[in-house]
Novice: 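What follows is a single structure, and I will ask about it in a moment.
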Amino acid sequence: MSSETAVTPTNFIRNIIIQDLETGKHDGIITRFPPEPNGHLHIGHAKSICLNFGVAAEFGGRTNLRFDDTNPLKENEDFMLAIMEDVRWLGFEWDELLHASDYFQQLYEYALHLIKTGKAYVEELSAEEIREYRGTLKKPGRESPYRDRPVEENLDLFERMKAGEFADGTLALRARIDMASPNINMRDPVVYRIRNASHHRTGDEWHIYPMYDWAHGISDAIEGITHSLCTLEFEDHRPLYDWFLDNIPAPCHPRQIEFARGNLDYTVMSKRRLRELVEEGLVNGWDDPRMPTLAGLRRRGFTPEAIRAFWTEMGVSKADSIIAMGVLENAVRSDLNVRAPRTMAVLDPVKVVLTNFPEGETEWLEAPVHPQDEAMGTRKVALTREIWIERGDFMEDPPRKFFRMKPGGEVRLRNAFIVQCNDVIKDEQGEITELHCTFDPDTRSGMPGASRKVKGTIHWVSAEHGRPVEIRLCDRLFTVPNPLGEKGRDYREFLNPHSLDVIQNAIVEPHVADGAAGDFYQFERTGYFCHDNVDSKPGRPVLNRIVTLRDSWARIEKEMAQAGKN
RNA sequence: UGGGACGUCGCCAAGUCGGUUAAGGCACGGGGUUUUGAUCCCCGCAUUCGCAGGUUCGAAUCCUGCCGUCCCAGCCA
């Protein structure tokens with residue numbers, strides 16, 4: 001069971017597809033998710049994954065996972081494996097697993113066709129010269145002196161490039177389009193470059209590698225992709241995408257449609273930035289629970305159901321946007337709320353002695369695993385004379401609206417009974433070490449007096465039975481909404497020093513300490529937590545805080561503090 | 001006058017070809033339920049669609065002009 005809604009919000013891409021199906025342009029649709037295996041997937045990729053797989057599934061179509069592996073210098077097998085794991089974890093299974101490198105031979109033959117039809121030539125200008133000849137955004141470019149090289153010569157040179165006769169960067173194959181085009185992508189783009197490098201899949205077979213623009217559209221066409229969905233920055237490439245397919249005997253002509261990337265505030269999403277964070281040791285790897293990578297979110301405890309629901313709620317458009325992190329967090333809360341077993345855990349313990357509770361005895365209480373879902377059953381909770389409660393749940397001199405424990409006041413112990421605080425014991429420093437309380441046996445859960453109302457209910461754990469665990473309080477990675485947008489400042493300056501606070505000895509109910517990776521809980525009144533899938537080991541449990549509960553009391557406190565200042 | 005795109009409530013976002021009252025979610029405010037100040041349930045929340053004109057009986061939707069934001073000068077993707 002999950003909280004995912006069945007609602008499919010409409011969007012412009014979906015509308016295009018519906019139209020193409022209705023007009024008979026297509027009988028069925030095929031999409032693809034085409035990552036370059038040069039890094040890890042992040043929450044932004046999840047948007048594309050959900051879109052591509054989601055829309056195909058909705059209309060009975062298919063979706064391929066295709067690795068865009070045209071640059072052997074940056075890509076490797078490990079990234080491929082990690083990406084496959086991430087896509088599957090998100091809940092999607094591809095129809096075919098493919099690679100741009102599967103098409104290297106076909107791509108090469110199409111290039112031959114382009115040369116033979118006089119639409120491509122071998123360039124001898126250096127990369128720097130090409131840049132000069134390209135012109136600028138406002139000024140047209142100049143034609144290369146090699147632009148009118150005879151076909152036979154082009155064929156010969158290209159053949160020898162392929163054979164590995166030339167050094168990297170000496171020659172390149174260029175499409176012969178229009179050096180004066182206002183669209184720079186059309187100014188004779190490079191189609192093939194020489195890379196005497198080993199490719200992780202094709203080994204040393206190739207010495208030339210196709211550029212993205214050449215490989216992508218053709219790969220789409222070979223696979224019979226009907227709708228090639230990509231992000232906004234490729235809008236300017238669409239004329240080139242179309243030009244290539246129009247100038248080769250392509251099996252079909254997919255339609256490229258661009259949509260806006262999904263950005264989030266309080267984080268960074270570009271591969272470059274994420275890589276820097278990892279390589280500079282600012283986080284503990286790609287799967288650091290604070291990272292927006294799917295590996296990080298998974299370790300943090302975000303569920304695939306929540307991420308999918310989040311992206312379908314957010315929709316797809318062409319407007320640049322930065323989504324509030326709170327919206328994602330909320331999607332996680334609503335998914336976990338219906339599924340997470342409840343338990344009590346004390347993060348910052350202070351001891352309470354129930355002075356009228358018999359010494360050395362344990363009373364086993366029955367508590368629901370989920371208050372709104374009886375099917376989840378009950379659990380036994382041990383109550384003893386000494387228990388732990390949250391330090392923040394006691395105030396010696398509380399404000400008016402404080403409903404928790406205070407001297408002389410009554411408060412309910414969750415799943416147990418009402419207690420009254422009689423004594424506050426402190427050490428020489430004035431630090432509270434113990435609270436002495438008496439309980440009212442008539443108010444025990446299940447007893448007639450249980451219905452007596454008190455304002456507050458607090459959670460607790462038996463001092464004798466509770467078990468210590470390490471808890472990592474995950475929070476936003478940055479202290480500002482847009483760390484990259486602060487002019488004149490480096491984004492690293494805004495790393496949140498409290499993005500990963502560690503609590504060494506929090507106290508949990510025994511079964512939580514015995515849990516394993518993949519187990520998650522709601523610590524009542526505190527938040528959602530899960531076992532860290534890397535560091536949590538039997539005998540040494542480590543839990544991550546996935547997300548806090550909504551906390552209107554925190555808001556009230558903040559307002560009161562604010563009011564006090566003013 | 002390089003080219004391409006986008007601007008609807010604090011954050012997302014419906015709103016295809018103009019037709020009486022501008023979806024929905026999150027956030028927010030108010031109320032109710034509650035042994036989680038959680039959840040859940042009600043109610044409220046854009047006379048207004050970047051701005052200014054124009055066309056029209058009627059425009060967020062059409063036209064014109066401004067303004068703002070993003071993308072493009074890798075032999076990266």
Side-chain angles (χ1 to χ4, degrees), chain A residues 5 7 9-12 15-16 19 34-36 38 68 70-71 73-75 123 126-127 130-131 134-141 168-174 181-187 189-195 209 211-213 215-216 230-239 258 260 262 265 271 313-328 330-331 333-334 337-338 342 344 367 370-372 401-404 412-418 443 445 450-459 522-527 548-556:
Chain A
T5 51
V7 191
T10 178
N11 65 61
F12 75 101
N15 291 343
I16 288 171
Q19 198 172 50
E36 181 185 16
N38 72 339
D68 226 326
T70 55
N71 186 350
L73 267 27
K74 293 189 170 182
E75 300 148 2
E123 176 63 280
S126 68
I130 287 177
R131 191 185 325 127
R134 186 153 34 225
T136 69
L137 293 178
K138 296 188 179 183
K139 281 192 305 217
D168 287 14
T170 51
L171 301 178
L173 185 72
R174 288 232 257 169
S181 172
N183 180 348
I184 289 192
N185 294 296
M186 301 298 274
R187 317 237 264 232
V190 171
V191 174
Y192 269 94
R193 75 288 217 180
I194 297 173
R195 282 257 206 283
Y209 290 92
M211 296 289 288
Y212 163 85
D213 289 298
H216 203 90
C230 65
T231 43
L232 249 26
E233 68 270 25
F234 292 103
E235 252 170 341
D236 290 341
H237 293 243
R238 184 165 12 107
E258 311 83 12
D265 62 9
K271 267 181 192 167
E313 276 166 25
M314 286 305 92
V316 179
S317 77
K318 297 192 69 157
D320 291 311
S321 65
I322 298 175
I323 301 163
M325 183 64 84
V327 179
L328 209 209
N330 203 69
R333 283 190 192 100
S334 45
N337 176 49
V338 302
R342 312 285 125 127
M344 295 191 287
H370 189 124
Q372 278 83 37
K401 288 183 196 161
F402 187 83
F403 302 149
R404 283 110 98 144
R412 169 154 238 127
L413 293 182
R414 176 87 172 139
N415 298 127
F417 35 57
I418 294 169
T443 60
S445 295
S451 57
R452 183 153 76 84
K453 301 291 179 205
V454 285
K455 272 287 197 178
T457 297
I458 62 174
H459 57 91
Q522 185 199 87
F523 289 180
E524 288 186 301
R525 302 208 313 131
T526 304
T548 61
L549 253 34
R550 274 205 197 82
D551 189 354
S552 56
W553 167 246
R555 269 210 305 275
I556 294 168

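Each chain gets a letter, A, B and so on, in the order its sequence line appears, and its residues count up from 1. These numbers come from the heavy atoms of this one structure, side chains and all, not from hydrogens, waters or symmetry mates. The model shown is predicted, which means the values in this text are computed figures rather than measured ones.
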Novice: Starting at CG of A:Asn337 and ending at P of B:U34, how long is that distance when rounded to a whole Å?
Specialist: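 For the pair A:Asn337 CG and B:U34 P, the rounded distance is 18 Å.
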Novice: Please report the distance, rounded to the nearest Å, between NE2 in A:His237 and C1' in B:A5.
Specialist: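 It is 13 Å, rounded to the nearest whole Å.
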Novice: Looking for any heavy atom pair under 4.0 Å, which part of the strands does A:Arg134 touch: base, sugar-phosphate only, or nothing?
Specialist: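 The residue A:Arg134 makes sugar-phosphate contact but no base contact.
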Novice: Using only heavy-atom distances, decide whether a donor-acceptor pair under 3.5 angstrom links the side-chain of A:Arg131 to the base of B:G74.
Specialist: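 Under the 3.5 Å cut-off, the side chain and the base do not form any donor-acceptor pair.
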Novice: Looking for any heavy atom pair under 4.0 Å, which part of the strands does A:Asp236 touch: base, sugar-phosphate only, or nothing?
Specialist: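 Touches a base.
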Novice: Hey, does A:Ile322 reach any base, or is it just sugar-phosphate, or nothing, if we go heavy atoms under 4.0 Å?
Specialist: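 Counting heavy atoms under 4.0 Å across all strands, the contact made by A:Ile322 is with sugar-phosphate only.
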Novice: Of the options B:C76, B:C11, B:C70, whose atoms approach the side-chain atoms of A:Asp320 most closely?
Specialist: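 Looking only at side-chain atoms, A:Asp320 lies closest to B:C70.
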Novice: With a non-hydrogen cut-off below 4.0 angstrom, is A:Phe234 in contact with a base, only sugar-phosphate, or nothing?
Specialist: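 Base contact - A:Phe234 has a heavy atom under 4.0 Å of at least one base atom.
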Novice: Categorize A:Asp68 for me: base, sugar-phosphate, or nothing, with a 4.0 angstrom heavy-atom threshold over every strand shown.
Specialist: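 A:Asp68: backbone/sugar contact only, no base atoms under 4.0 Å.
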Novice: Over all strands shown, is A:Gln522 touching base, sugar-phosphate only, or nothing at heavy-atom distances under 4.0 angstrom?
Specialist: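 The residue A:Gln522 makes base contact.
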Novice: Once you apply a heavy-atom cut-off of 4.0 Å, does A:Thr526 come out as touching a base, just sugar-phosphate, or nothing?
Specialist: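 The residue A:Thr526 makes no contact with any strand.
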Novice: Would you say whether A:Tyr212 stacks on B:A77? The test is a distance between ring centres of less than 5.5 Å and an angle between planes of less than 30°.
Specialist: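 Stacking is absent between B:A77 and A:Tyr212, given that the ring centres and planes do not meet under 5.5 Å and under 30°.
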Novice: By the 4.0 Å heavy-atom rule, please label A:Arg342 as base, sugar-phosphate, or nothing.
Specialist: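 A:Arg342: base contact, heavy atoms under 4.0 Å.
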Novice: Report the distance from atom CD of A:Glu313 to atom P of B:C12, rounded to the nearest whole Å.
Specialist: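 Those two atoms, CD and P, are 15 Å apart.
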Novice: Name the nucleic acid region contacted by A:Gln372, choosing base, sugar-phosphate or nothing; use a 4.0 angstrom heavy-atom cut-off, strictly under.
Specialist: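 The answer is base, as A:Gln372 lies within the cut-off (heavy atoms under 4.0 Å) of a base atom.
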Novice: Would you classify A:Thr136 as touching base, sugar-phosphate or nothing, given that sugar-phosphate means primed atoms plus P, OP1 and OP2, and contacts are heavy atoms under 4.0 Å?
Specialist: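 Base contact.
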Novice: With a non-hydrogen cut-off below 4.0 angstrom, is A:Val454 in contact with a base, only sugar-phosphate, or nothing?
Specialist: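 Since no nucleic acid heavy atom lies under 4.0 Å of A:Val454, the category is nothing.
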Novice: Please determine, for the side chain of A:Thr457, which listed nucleotide (B:C75, B:G4, B:U36) has the closest atom?
Specialist: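 Per side-chain heavy atoms of A:Thr457, the pick is B:U36.
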Novice: Could you please name the partner base of B:C75, counting Watson-Crick and G-U wobble pairs only when both distances are under 3.5 Å?
Specialist: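 Because no pair has both required distances under 3.5 Å, B:C75 counts as unpaired.
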Novice: Between B:U47 and B:A22, how far is it from one P atom to the other, in whole Å?
Specialist: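 Going atom to atom, P in each nucleotide, I get 10 Å.
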Novice: Measure from the side chain of A:Glu36, starting at C-beta and using heavy atoms only, and say which of B:A77, B:A5, B:U36 lies closest.
Specialist: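 In terms of side-chain proximity for A:Glu36, the closest of B:A77, B:A5, B:U36 is B:A77.
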Novice: May I ask you to say what A:Arg404 touches in the nucleic acid, namely base, sugar-phosphate or nothing, with a heavy-atom cut-off under 4.0 Å?
Specialist: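 Base contact - A:Arg404 has a heavy atom under 4.0 Å of at least one base atom.
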Novice: Is there, by distance only and without an angle test, a donor paired with an acceptor across the side chain of A:His459 and the base of B:A38 below 3.5 Å?
Specialist: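 Check fails, no donor-acceptor contact within cut-off.
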Novice: Nearest to the side chain of A:Asn15, heavy atoms from C-beta on, is which of B:G2, B:G15, B:G37?
Specialist: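 Selected nucleotide: B:G15.
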Novice: For the pair made of CG in A:Leu328 and P in B:A13, what is the distance, rounded to whole Å?
Specialist: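 Between P of B:A13 and CG of A:Leu328: 15 Å.
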Novice: Just the rounded figure in Å: distance from C1' of B:G74 to CG of A:Asp168.
Specialist: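 These atoms are roughly 15 Å apart.
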Novice: For a quick check of understanding: with a heavy-atom distance under 4.0 Å over all strands, which category does A:Ala319 fall into, base, sugar-phosphate or nothing?
Specialist: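 Sugar-phosphate: the residue A:Ala319, judged by heavy atoms under 4.0 Å, touches backbone atoms but no base.
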Novice: Between A:Arg412 (side chain only) and A:Ala450 (backbone N and O only), is there a donor and an acceptor less than 3.5 Å apart?
Specialist: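 Yes.
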Novice: Distance-only, no hydrogens or angles: does the A:Ser181 side chain make a donor-acceptor pair with backbone N or O of A:Asn183 under 3.5 Å?
Specialist: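 It does hold such a pair.
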Novice: For RNA chain B, whose closest nucleotide is more 5', that of A:Leu413 or that of A:Leu171?
Specialist: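 Nearest nucleotide further toward 5': that of A:Leu413.
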Novice: If only atom types and distance count, is the side chain of A:Arg342 paired as donor or acceptor with the main-chain N or O of A:Glu524 below 3.5 Å?
Specialist: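 Judged by distance alone, no pair lies under 3.5 Å.
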Novice: Side chain of A:Asn330: nearest nucleotide among B:C75, B:G3, B:A27?
Specialist: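 That would be B:A27.
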Novice: Can you tell me the Watson-Crick or wobble partner of B:G44, both distances under 3.5 angstrom?
Specialist: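 By the stated definition (distances under 3.5 Å), B:C28 pairs with B:G44.
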Novice: Regarding A:Lys271, tell me which of base, sugar-phosphate or nothing describes its non-hydrogen contacts under 4.0 Å with the strands shown.
Specialist: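 No contact.
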Novice: How far, in whole Å, is B:U55 from B:U61 if one measures between their P atoms?
Specialist: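 So the two P atoms sit 15 Å from each other.
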